[in-house]
Amino acid sequence: MNIKFYATLEQAERNSLQNATVVVIDVLRASSTIVAAIESGAERIIPIADVETASRLVRPAERDKKLLAGERKGLPVPGFDLSNSPREFTPERVRGKTIVMTTTNGTRAITTAAKAGRIVVCSLTNLDAAAAALRGESDLVVLCCGAEGSIAAEDLLCGGMLVKSLEPAVAAESLSDAARVARVIAEEFGSNVEAYVRSSDHGRKLAALGFEEDIAYCSRVGASSSVPVVREGVIVPR
Ligand code: MLT
């Protein structure tokens, strides 16, 4: 398996995403929230890049079946039904519902990769299930979202752990420097995930905003068996 590894969305060459198999990683928190929502029985998630478009997609009469979710600067968007905290996406709240979701990096990455052949959403919580779903691929693009152009340490950890889980199918010599660095981080911190995620830039920011428990939630490696995929621009269970 050949891997193209991007440490941030901004680094990703758009043409390399076209028709490719792309795995999108945004540990804090979009990927973890999408996995939680699908695990809790949400019917579909519509990823949107901006708040205005998302708001227009849900008419008042639909608000019982269609929920608005997301964040800006890590905080809930005023008027939305849900923030981007995965702990809010319980079966009681989202089962059978459509969720229109907009986040700063995660949903932007998914919409950016819209022309991909296959998109798989990966977080630490569904790492093993995602790796199992990707094992047969010959070429893979690992797209770590990062944070508005900056590297997100937690995304690199997850990307590195994914690369390790795909070995020995992964051709080590095909690994780029970004993939090698991520793999070294996985080697070094893979046994102490929560402390590492908590110490990341976004981990500290979320803790300061009062989302401390989201860090523990998003650090539970392999806790979920659901593998959200994107079909015609909509996120659905695999
Ligand atoms: C993002 O998409 O940028 C993140 O998921 C933001 C967050 O949840 O804090």
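Both counts, for ligands and for their atoms, begin at 1 and track the order of listing. Hydrogens, waters and symmetry mates play no part in the numbers below; they use all other heavy atoms, side chains included.
Not a single heavy atom of Lys205 lies less than 4.0 angstrom from ligand 1.
Side chain to side chain, Glu71 and Ser83 fail the donor-acceptor criterion of an N or O pair below 3.5 Å. Ser85 and Asp214 are linked by a side-chain donor-acceptor pair at a separation below 3.5 angstrom, with hydrogens and angles left out of the test.
Atom 3 (O) of ligand 1 has as its closest protein heavy atom Asn105 ND2, 2.7 Å. What sits closest to atom 8 (O) of ligand 1 on the protein, heavy atoms only, is Asn84 ND2, 2.6 Å. Of the protein's non-hydrogen atoms, the one nearest atom 1 (C) of ligand 1 is Asp26 OD2, 3.2 Å.
A pairwise comparison of heavy atoms in Val35 and Thr125 identifies CG1-OG1, 3.8 Å as the closest pair.
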Can you check side-chain contact (heavy atoms from CB on, under 4.5 Å) on Val77 and Asn84, steps first, answer last? CA-CA 9 Å; Val77 178; Asn84 196 33; over 6 Å; no
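Relative to the ring axis of Tyr217, Arg220 places its NZ or CZ within 45° and under 6.0 Å from the centre.
For ligand 1, none of its N or O atoms has an N or O atom of Leu206 under 3.5 Å away. In terms of polar-atom proximity, His202 is counted as a contact of ligand 1, with an N or O under 3.5 Å from an N or O of the ligand. Backbone and side-chain nitrogen or oxygen atoms of Gly106 are examined, and one is located within less than 3.5 angstrom of a nitrogen or oxygen of ligand 1.
The number of heavy atoms from other shown groups lying within 6.0 Å of NZ (Lys4) does not exceed 12. In Glu167, the CD atom is crowded: over 12 heavy atoms of neighbouring residues, nucleotides or ligands sit closer than 6.0 Å. Atom NZ of Lys115 has 12 or fewer neighbouring heavy atoms from other residues, nucleotides or ligands inside a 6.0 Å radius.
Listed by number with element, the atoms of ligand 1 under 4.0 Å from a non-hydrogen atom of Gly74 are 9 (O). Near Glu71, meaning under 4.0 Å from any of its heavy atoms, are these atoms of ligand 1: 1 (C), 3 (O), 6 (C), 7 (C), 8 (O). Those atoms of ligand 1 with a heavy atom of Ala30 less than 4.0 angstrom away are 2 (O), 5 (O).
In the candidate list Thr33, Leu28, Thr104, Leu75, Leu28 is nearest to atom 4 (C) of ligand 1, counting heavy atoms.
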